[in-house]
*Asks:* 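Got a structure for you, written out below as structure tokens; questions coming shortly.
As the structure lists them, so they are numbered: ligands from 1, and atoms in each ligand from 1.
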Amino acid sequence: MLTMNSLCPYPIIQAPMAGGATTPELVAAVSEAGALGSLAAPLLTPLAIIEQAEHIRRLTDKPFAINLFVQTRPQVDFAQIEAAKLLLQPVCAELGWTTLPTPTRWCEDFEAQFDALITARPAVASFTFDVLHGSQVQRLHEAGILVIGTATNLAEAIVWQAIGADAICLQGTEAGGHRGTFIGAQQDATLSTAELLAVCRPQIQIPLIVAGGIMDGADIATALAAGAQWVQMGTAFLTTKESGIHPAYKQRLLDARTDGRDTTRQTRAFSGRFARGLDNRFMQLMESVADQVPAYPVQNALTGAIRSAAAAKESKTEFMSLWCGQGVARARDVHAATLVATLVQEMQAATRKS
Ligand SMILES: Cc1cc2nc3c(=O)[nH]c(=O)nc-3n(C[C@H](O)[C@H](O)[C@H](O)COP(=O)(O)O)c2cc1C
């Protein structure tokens with residue numbers, strides 16, 4: 001049976017990134033290059049999960065991961081939706097919309113996605129937004145699948161360890177995309193990647209993966225020297241040639257030269273869960289009401305029409321969610337295999353120097 005140690009030559013995981021970034025081509029290219037590619041499946045139907053896993057297997061016979069959000073379907077009432085639509089009125093007005101469509105569904109059915117994941121049988125399954133039940137961890141293990149849970153604080157890491165996870169991904173506050181917090185308030189999970197690792201190391205015996213702001217091989221060497229066994233990198237892979245994000249979004253990331261300023265921030269305005277991305281007009285228009293929008297996945301589904309309409313028009317990146325981490329200014333426009341090879345060279349050079 002595979003273990004975390006025998007998965008692949010390099011201790012680098014390409015982060016799962018929902019919303020189209022982690023194409024089968026990206027996942028396969030990363031795994032072929034000796035790191036671990038991850039397919040983000042939170043927004044995929046069960047059938048699409050199986051099809052995309054098959055697609056990856058046609059491109060590589062190397063191990064890869066599939067990732068899901070642990071979630072339940074929300075109970076939503078009409079009044080809540082109408083109130084949420086009112087909060088989005090300034091955005092609709094700027095787009096020239098008189099009405100905002102009500103989505104026909106709020107999110108995929110987690111149980112059905114989970115069954116599809118078991119059928120797809122990746123080497124690794126990773127989870128965020130909540131913790132699994134012990135019986136679900138057992139089902140994954142019986143299928144020969146290693147389990148990674150996401151934690152943004154020590155309490156969450158302890159819970160994942162107790163439930164039988166094989167490794168824990170510690171998500172620091174620098175990280176791009178959604179926060180995985182499920183114990184305590186999301187705004188209270190403020191530890192940086194290095195701080196979270198330092199807090200968790202003495203308490204956690206299973207392998208620790210760190211995520212958030214890791215952009216080059218020197219960052220990887222630093223994380224490993226501090227006691228992480230792996231790193232998980234999202235933003236660094238978002239701008240690779242194989243990443244499936246909208247070209248205008250990719251260009252905004254590559255243009256994000258920051259001269260030291262942090263051009264990212266966290267908001268719950270897009271989805272109802274705190275997430276980090278490039279500051280834009282949507283965030284600014286929603287700033288004063290961001291704490292009132294309904295929780296994920298309701299707000300995420302409601303803003304879906306806005307985000308896809310914006311994506312259909314190249315000039316409207318101001319109304320797209322431009323998720324990325326605080327390291328975005330160091331993102332590179334390269335093939336995924338080149339990025340992995342470069343990261344390994346940089347990591348080895350940094351390790352030799354120290
Ligand atoms: C565009 C984007 C989408 C993301 N989607 C997911 C996801 O579907 N599942 C998940 O576990 N993490 C997701 N994340 C978070 C990553 O797993 C990881 O924590 C983060 O990218 C690390 O920070 P970095 O972007 O600074 O490397 C996403 C991150 C980004 C940037």
*Asks:* So, Glu318 and Arg252, do they make that salt bridge, N to O below 4.0 Å?
*Replies:*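 The answer is yes: the pair qualifies as a salt bridge.
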*Asks:* Of all the non-hydrogen atoms in the protein, which one sits nearest to atom 16 (C) of ligand 1, and at what distance?
*Replies:*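 I find the closest protein heavy atom is Ala15 CB, 3.7 Å.
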*Asks:* Which label fits Phe282 and Phe270: parallel for a plane angle under 30°, tilted from 30 to 60°, or perpendicular past 60°?
*Replies:*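 Because their plane-to-plane angle is under 30°, the rings of Phe282 and Phe270 count as parallel.
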*Asks:* In ligand 1, which numbered atoms sit nearer than 4.0 Å to a non-hydrogen atom of Ala211?
*Replies:*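 Atoms satisfying the 4.0 Å criterion: 19 (O), 22 (C).
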*Asks:* Would you confirm whether Lys62, through its side chain, and Gly34, through its main-chain N or O, come within 3.5 Å as a donor-acceptor pair?
*Replies:*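 Side chain of Lys62 to backbone of Gly34, a donor-acceptor pair under 3.5 Å: no, none is there.
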*Asks:* Look only at interatomic distance and state if Ala18 has a nitrogen or oxygen under 3.5 Å from any nitrogen or oxygen of ligand 1.
*Replies:*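 Min N/O separation from ligand 1 is below 3.5 Å for Ala18.
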*Asks:* Any heavy atom of Gly327 sitting closer than 4.0 Å to ligand 1?
*Replies:*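 No, that is not the case, since the closest heavy atom of the residue is not under 4.0 Å from the ligand.
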*Asks:* Can you name the nearest heavy-atom pair linking Gly172 to Leu196, along with the distance?
*Replies:*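 So the two residues come closest at N-CD2, 4.1 Å.
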*Asks:* So is Tyr249 in contact with ligand 1, going by heavy-atom distances below 4.0 Å?
*Replies:*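 Under 4.0 Å: yes for Tyr249.
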*Asks:* Just which atoms of ligand 1 are under 4.0 Å from any heavy atom in Trp323?
*Replies:*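 Answer, ordered by atom number: 1 (C).
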*Asks:* Report the nearest protein non-hydrogen atom to atom 15 (C) of ligand 1: residue, atom name, distance rounded to 0.1 Å.
*Replies:*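 So the nearest neighbour among protein heavy atoms is Gly176 O, 3.5 Å.
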*Asks:* Quick test: of every protein heavy atom, which one is nearest to atom 19 (O) of ligand 1, and how far off is it to 0.1 Å?
*Replies:*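 Heavy-atom neighbour on the protein nearest atom 19 (O) of ligand 1: Gln171 NE2, 3.1 Å.
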*Asks:* Hey, is Met233 touching ligand 1 through its side chain, its backbone, both or neither, going by heavy atoms under 4.0 Å?
*Replies:*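 The backbone, only.
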*Asks:* Atoms of ligand 1 less than 4.0 Å from Phe69 heavy atoms?
*Replies:*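 Listed by number with element, the hits are 7 (C), 8 (O), 9 (N).
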*Asks:* Among all protein heavy atoms, pick the one closest to atom 17 (O) of ligand 1 and tell me residue, atom and distance.
*Replies:*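 Closest protein heavy atom to atom 17 (O) of ligand 1: Gln232 NE2, 3.0 Å.
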*Asks:* Starting from atom 25 (O) of ligand 1, which protein heavy atom do you reach first, and at what distance in Å?
*Replies:*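 Minimum-distance protein heavy atom for atom 25 (O) of ligand 1 reads Thr235 OG1, 2.6 Å.
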*Asks:* Would you call Arg330-Asp216 a salt bridge at under 4.0 Å N-O?
*Replies:*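 The answer is yes: the pair qualifies as a salt bridge.
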*Asks:* Side chains of Ser271 and His178: do they bring a donor and an acceptor to under 3.5 Å?
*Replies:*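 Yes, side-chain donor-acceptor contact under 3.5 Å.
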*Asks:* Tell me whether Pro16 reaches ligand 1 (any heavy atom closer than 4.0 angstrom to a ligand atom).
*Replies:*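 For ligand 1, residue contact (heavy atoms, under 4.0 Å) with Pro16 is present.
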*Asks:* Within the supplied structure, the quantity of interest is the number of heavy atoms (other residues, nucleotides, ligands) at a distance under 6.0 Å from Arg201 CZ; does it exceed 12?
*Replies:*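 At most 12 heavy atoms, drawn from other residues, nucleotides or ligands, come within 6.0 Å of this atom.
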*Asks:* Measure the distance from atom 26 (O) of ligand 1 to every protein heavy atom, then report the residue, atom name and distance (to 0.1 Å) of the closest one.
*Replies:*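 The closest heavy atom on the protein side is Gly213 N, 2.8 Å.
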*Asks:* Which protein non-hydrogen atom lies closest to atom 4 (C) of ligand 1, naming both residue and atom, and how far is it?
*Replies:*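 The protein heavy atom lying closest is Met17 CA, 3.4 Å.
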*Asks:* Should Arg281 and Glu287 count as an ion pair when the cut-off is N to O under 4.0 Å?
*Replies:*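 A salt bridge is absent here (no side-chain N lies under 4.0 Å from a carboxylate O).
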*Asks:* Which part of Thr128 is near ligand 1, with near meaning a heavy atom under 4.0 Å away: side chain, backbone, both or neither?
*Replies:*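 Within the 4.0 Å criterion, Thr128 contacts ligand 1 through side-chain atoms alone.
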*Asks:* Hey, is Phe127 touching ligand 1 through its side chain, its backbone, both or neither, going by heavy atoms under 4.0 Å?
*Replies:*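 Neither part.
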*Asks:* For Pro42, state whether at least one heavy atom is located under 4.0 Å from any atom of ligand 1.
*Replies:*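 Flag set, Pro42 near ligand 1.
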*Asks:* Is the shortest side-chain N to carboxylate O distance from Asp115 to Arg139 below 4.0 Å?
*Replies:*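 Judged by the 4.0 Å cut-off on N to carboxylate O distance, Asp115 and Arg139 do form a salt bridge.
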*Asks:* For Glu82, I'd like to know if atom CD has over 12 heavy atoms of other residues, nucleotides or ligands within 6.0 Å.
*Replies:*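 It does: Glu82 CD has more than 12 such atoms within range.
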*Asks:* To the nearest 0.5 Å, tell me how far Leu44 CG sits from Gln52 CD.
*Replies:*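 Spacing of CG (Leu44) from CD (Gln52) equals 5.0 Å.
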*Asks:* What is the closest protein heavy atom to atom 9 (N) of ligand 1, and at what distance does it sit?
*Replies:*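 Ranked first by proximity to atom 9 (N) of ligand 1 is Asn67 OD1, 2.8 Å.
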*Asks:* For ligand 1 and Ile214, I'd like to know whether there is a polar contact (N/O to N/O, distance under 3.5 Å).
*Replies:*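 N/O-N/O distance under 3.5 Å: no.
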*Asks:* Which of the atoms in ligand 1, numbered in the order shown and given with their element, are less than 4.0 Å from a heavy-atom of Gly177?
*Replies:*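 Those qualifying, in numeric order: 29 (C), 30 (C), 31 (C).
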*Asks:* Just by modelled atom types, is the Thr152 backbone N or O under 3.5 Å from a matching donor or acceptor in the Arg179 side chain?
*Replies:*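 Checking the backbone N and O of Thr152 against the side chain of Arg179, no donor-acceptor pair under 3.5 Å is found.
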*Asks:* Does the separation of the ring centres of Tyr296 and Phe129 fall below 6.0 angstrom?
*Replies:*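 So the answer is yes for these two rings.
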*Asks:* Who gets closest to atom 22 (C) of ligand 1 by heavy atom: Ala331, Ala275, Gly277, Gly212?
*Replies:*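 Shortest heavy-atom distance from atom 22 (C) of ligand 1: Gly212.
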